[in-house]
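Structure record follows, encoded as structure tokens.
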Number of protein chains: 2
Amino acid sequence: MATKARNADTADRILDVAEELVQVRGFNAFSYADIAAELGMTKAALHYHYSGKAELGRAVIARYSERFSAELAEIEARDATAADRLAAYVDLYAGVLRARRMCLCGMLAAEYQTLPDDIRDAIIAFFDDNEVWLVRLLQQGRADGSLRFDGSPADTARMIVGGLEGAMLVARPYGDAKLFERTARALLATFRPAR
Amino acid sequence: MATKARNADTADRILDVAEELVQVRGFNAFSYADIAAELGMTKAALHYHYSGKAELGRAVIARYSERFSAELAEIEARDATAADRLAAYVDLYAGVLRARRMCLCGMLAAEYQTLPDDIRDAIIAFFDDNEVWLVRLLQQGRADGSLRFDGSPADTARMIVGGLEGAMLVARPYGDAKLFERTARALLATFRPAR
DNA sequence: GTCTATAGGCAGATAGAC
DNA sequence: GTCTATCTGCCTATAGAC
């Protein structure tokens, strides 16, 4: 029962637009009117699919987190060594920035204090998932010698997530994806086994 | 002609409140009404001191950047070695997070796409200044052997700024300043000369 | 410098026809 | 499912009295 990907149903197209708006402008800086205009429909129609902005936000982050998890699983299926997997992880972030977007959860982390409780929980869960995945990666890399680092895997995992989120945050005003890539390479270089 | 610091004039107290609101909630998530309520005055009075929200934003970032520059100069006056200066630089960020705030320019970087042009320019200038200062620091550290790093000073400087901004961004949802400090220590550890 | 009062606009949201 | 019409509330901003 395949549906045409080109012709996703309305609920999905709303989610697509909302996701982009959150990543580019932030949750507090877009309105139902923006989405309605983009899709050529009215605000009232949006309320039929998502009862309010908070619920729309929940749906956006839920889909984003699922997709991110799927991409992590894909990396594990495709790349064998810890070093390759880490490079692929960095590429996920680079792809977001090339689309002139901020990481959804990085953007929402900035707005954290203004967001409803369940969205806050989802942000925390996203970062927790990333940390768990990276900790396993780092343990693997330390064991097989493909990654070198001094601190605990947990602190190092947070250094990676923070380093990439921050590099995106700072690179975006410059509108320069290459800036991010050079910064990320400097971060990756600290994990090279032979120095 | 000294004025009492405890009794700063109204324009300064407005700036104090606005600065905190931007750092905690973001520029798009506070209003003149919030500031007026906090200071026990009316919105109209605020407009006497700052004609509009955009001008208020300009004033906030201008004062913040000046203060930040002064703190960098203080570090150079107090700490001699590059390693000590870098540690003190990290402490600046830690202090902001302990006050439960995000770096002002990190927050504004997230909101960048929604901000007026002159505020955008000020954000870029802030990061440029930080990079310049860190590049000099890194060159000094490489020369005197107190800091070790592989990439160019410029890329490494951006790795530091990004790493600290991102570590703040991610630590703030957890409401845990210690989390930032451990992450920052992991970052600093990559600069240790003997590994 | 600070107030009251208010303008004008846009936000999120709902009712009810089709 | 989508529309028109509308509500209520908050936003930024201004006029004018004190």
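Order of the sequence lines sets the chain letters (A, B, ...), proteins ahead of strands, with each chain counted from 1.
When rounded to the nearest whole Å, the span between CG of B:N28 and P of C:dA11 equals 12 Å. The distance from atom CG of A:D9 to atom C1' of D:dT2 is 15 Å, rounded to the nearest whole Å. To the nearest angstrom, P of D:dG1 lies 11 Å from CD1 of A:I14. Put simply, CG on B:L21 is 11 Å from P on D:dT12, counting in whole angstrom units. Atom OH in B:Y50 sits roughly 12 Å away from atom P in C:dT2 (whole-Å rounding). Between A:H49 atom NE2 and C:dA13 atom P the separation is 16 Å, expressed in whole Å. Between the OH atom of B:Y32 and the P atom of C:dG9 there is a distance of 20 Å, rounded to whole Å. Atom C1' of nucleotide C:dT2 and atom CD1 of B:I35 are separated by 16 Å, given to the nearest angstrom.
Separation of atoms CH2 (B:W133) and CG (B:D129) is listed at 12.0 Å; rounding is to 0.5 Å.
At least one side-chain nitrogen or oxygen of B:T42 sits closer than 4.0 Å to the OP1 or OP2 atom of C:dC3. Taking 4.0 angstrom as the limit, B:S31 places none of its side-chain polar atoms (N or O) nearer than this to OP1 or OP2 of D:dC10. Distances shown here put every side-chain N or O of A:H47 at or beyond 4.0 Å from the OP1 or OP2 atom of C:dA15.
With D:dT12, D:dA15, D:dC3 as the candidates, the nucleotide lying closest to the side chain of A:M41 is D:dC3. Between D:dT12, D:dG1, C:dA11, one nucleotide has an atom nearer to the side chain of A:A33 than all others, and that is C:dA11.
Classified by interplanar angle (parallel below 30°, tilted 30° to 60°, perpendicular above 60°), the ring pair B:Y93/B:F68 is perpendicular.
Taking for each of B:T10 and A:S51 the nucleotide of DNA chain C with the nearest heavy atom, the 5'-most of the two is the partner of B:T10. Nucleotides of DNA chain C nearest to B:K43 and A:A44 differ in position, and the one nearer the 5' end is that of B:K43.
Using a 4.0 Å heavy-atom cutoff across all strands shown, B:Y48 reaches at least one base atom of the nucleic acid. At the heavy-atom level, A:F30 lies under 4.0 Å from the strands shown only through sugar-phosphate atoms.
Here the side chains of A:L108 and A:F126 are not in contact, with every heavy-atom distance at 4.5 Å or above.
A salt bridge links A:R158 to A:D155: one of the charged nitrogens lies within less than 4.0 Å of a carboxylate oxygen. Under 4.0 Å is where a charged nitrogen must lie from a carboxylate oxygen, and between B:R58 and B:D121 no such pair does.
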